[in-house]
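Some notes on the structure that comes next.
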Protein chains: 2
Amino acid sequence: MKSSVKISDAVVRRLPVYLRFLNELNMRNVQTVSSQDLGLKLDLNPAQIRKDLAYFGEFGKKGIGYDVKYLIEKIRQILKLDQQINVALVGAGNLGHALCNYNAYFKDNMKITAVFDNHPSKVGTMINNLSVHPMSELARIVQEEQIRIGIITVPAPEAQHVANQFVEAGVEAILNFAPTIIKVPNELRVHHADFTIELFSLAYYLEEK
Amino acid sequence: MKSSVKISDAVVRRLPVYLRFLNELNMRNVQTVSSQDLGLKLDLNPAQIRKDLAYFGEFGKKGIGYDVKYLIEKIRQILKLDQQINVALVGAGNLGHALCNYNAYFKDNMKITAVFDNHPSKVGTMINNLSVHPMSELARIVQEEQIRIGIITVPAPEAQHVANQFVEAGVEAILNFAPTIIKVPNELRVHHADFTIELFSLAYYLEEK
DNA sequence: TAGATTGTTAATCGATTAACAATC
DNA sequence: TAGATTGTTAATCGATTAACAATC
């Protein structure tokens with residue numbers, strides 16, 4: 001792993017895409033894959049894939065390609081998915097519910113281990129095997145369960161407030177689904193999963209009527 | 001509107017962000033806003049904002065800034081949100097449900113007008129005021145209701161199949177929430193709303209433990 | 001008029017792609 | 001050995017930012 005070189009966000013975001021397809025190949029018992037194969041399937045330039053991977057080490061074999069199992073292991077290490085990462089979710093609506101359903105899919109790396117919501121009709125109910133806690137317990141549970149990532153699935157007007165509480169509780173990163181920009185201290189990382197942007201920008205590409 | 005110049009996707013994706021904040025300003029009865037103000041609030045470079053807008057026309061006034069109401073109108077035109085755009089959704093799970101709840105939020109521009117799911121326990125149930133149809137009715141309803149955008153909220157293994165049916169039914173664009181890459185003919189536009197990429201890439205930025 | 005702010009050009013920065021020696 | 005494919009450098013392409021004349 002060549003440290004010192006700053007890896008761009010564009011590169012980091014392609015790693016999960018590689019990982020997902022590699023897992024698929026592995027399940028089909030494919031041993032080896034070339035950047036050519038990957039590029040074809042993922043709509044990416046093979047040179048870009050090789051360059052992305054080369055930031056982190058020499059994972060391939062000239063003339064052969066990449067060993068699928070080995071590359072999976074390496075990308076999991078790079079993304080820190082070789083350790084369990086606990087996640088808390090605030091907002092037990094339909095979206096929050098949907099995300100909890102992914103727990104199975106994530107295997108044992110990245111796991112939603114606590115759900116919060118302040119609405120009286122939600123507190124105490126169960127989502128899968130997790131009970132919904134009131135926000136007053138956020139700080140305590142984040143500490144006790146060593147939760148490192150917070151997911152926000154509340155309506156936009158409440159998102160900043162929830163973010164503040166996550167910051168105070170000590171999470172290291174936030175994934176915000178609310179369609180609004182939240183401000184946090186520099187040492188935290190925030191990603192936005194804002195589908196309204198995807199949907200509205202899609203409209204731009206429709207044919208003129 | 002200077003046509004001929006190809007507008008990059010990065011520019012197009014910022015337009016909904018501008019629009020959202022402008023709507024907020026408008027609701028607070030703010031008359032005018034500068035690229036400076038916008039940049040501060042949206043974490044963007046003011047020069048970039050001016051350049052983005054200038055691709056489409058001269059919307060501002062030197063020394064003053066942009067008229068909020070006027071700019072809202074213009075961006076809505078650019079994004080084609082000044083006409084109603086009907087949307088179909090396939091996959092009546094929690095995620096599909098969550099998206100249907102946004103209908104109110106979208107006012108009358110972009111509207112989910114039909115929901116589909118092939119699971120017997122779903123067909124015929126109601127989501128808000130929409131009844132869930134079987135997939136066999138997709139083509140007919142897309143035509144009858146002039147649906148132009150398809151949203152996919154089914155599990156990954158079914159996503160490509162649903163996409164094919166959308167293509168056949170004649171939608172112009174697809175928003176795919178399934179964590180897999182779908183292939184469609186070139187004349188269609190596909191956007192991916194894949195939160196697993198956001199979540200996994202977030203892990204990369206956690207502190208080494 | 002003086003201050004503010006646009007629209008736009010030029011400069012910079014960064015990301016993608018092509019090309020190819022090295023080598024399995 | 002011949003063919004395939006990597007890792008990496010150099011070339012290209014595109015996006016962001018700085019700077020500033022124009023002007024409200």
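Letters A, B, ... mirror the listed sequences (proteins, then strands); counts begin at 1.
Using the Watson-Crick or G-U wobble rule with both distances under 3.5 Å, D/dG3 pairs with C/dC24. Nucleotide D/dA10 is matched to C/dT17 when pairs are restricted to Watson-Crick or G-U wobble geometry with both distances under 3.5 angstrom.
Here the nucleotide nearest the side chain of B/Lys62, chosen from D/dT23, D/dA10, D/dT6, is D/dT23. When distances run from any side-chain atom of B/Ser34 to the nucleotides D/dT17, C/dT6, D/dG7, the shortest one goes to C/dT6. Of the listed nucleotides (C/dC20, C/dT8, D/dC24), D/dC24 has the atom at the smallest distance from the side chain of B/Ile64. Nearest nucleotide to the A/Glu58 side chain, out of D/dG7, C/dT17, C/dG7: D/dG7.
Between B/Asp67 atom CG and C/dA4 atom C1' there is a gap of 17 Å when expressed in whole angstrom units. Counting to the nearest Å, the P atom of C/dC13 and the CD atom of B/Gln48 are 16 Å from each other. Taking atom CD1 of A/Ile7 as the reference point, atom C1' of C/dG14 lies 14 Å away to the nearest angstrom. At whole-Å resolution of the value, CD in B/Gln36 and P in D/dA19 are 14 Å apart. In this structure, NZ of B/Lys51 is placed 14 Å from C1' of D/dA19, rounded to the nearest angstrom. One atom, CD1 of A/Ile49, and another, P of C/dA18, lie 13 Å apart when rounded to the nearest Å. Computed from coordinates, the A/Asn45 CG to D/dA11 P distance equals 18 Å when rounded to whole Å. One atom, CG of A/Leu42, and another, P of C/dT17, lie 14 Å apart when rounded to the nearest Å.
In this model, the phosphate group of C/dT6 is approached by a side-chain N or O of B/Arg50 to a distance below 4.0 Å at OP1 or OP2. At C/dA15, none of the side-chain N or O atoms of A/Arg13 fall inside 4.0 Å of OP1 or OP2 (strictly under the cut-off). Taking 4.0 angstrom as the limit, B/Tyr66 places a side-chain polar atom (N or O) nearer than this to OP1 or OP2 of C/dG7. Between B/Ser35 and C/dT6 there is a side-chain polar atom (N or O) within less than 4.0 angstrom of OP1 or OP2.
Of the possible donor and acceptor atoms, one in the side chain of B/Gln160 sits under 3.5 Å from a partner among the backbone N and O of B/Lys183. No donor-acceptor pair closer than 3.5 Å links the side chain of A/Asp37 to the backbone N or O of A/Lys41.
A residue-by-residue look at B/Asp52 and A/Gly65 shows that A/Gly65 has its nearest nucleotide of DNA chain D further toward the 5' end. Toward the 5′ end of DNA chain C lies the nearest nucleotide of B/Gly63, the other residue of the pair A/Val11 and B/Gly63 mapping further downstream. Each of B/Asp37 and B/Ala47 was matched to the nucleotide of DNA chain C holding its nearest heavy atom; the match closer to the 5' end belongs to B/Asp37.
Using a 4.5 Å cut-off on side-chain heavy atoms (C-beta onward), B/Asn118 and B/Val90 make no contact.
Heavy-atom neighbours of A/Glu207 CD from other residues, nucleotides or ligands within 6.0 Å: at or below the threshold of 12.
Ring-centre distance between B/Phe195 and A/Tyr102: below the 6.0 Å cut-off.
Figure legend: cation-pi geometry between B/Lys80 and A/Tyr204, with NZ or CZ positioned under 6.0 Å from the six-membered ring centre and within 45° of its axis.
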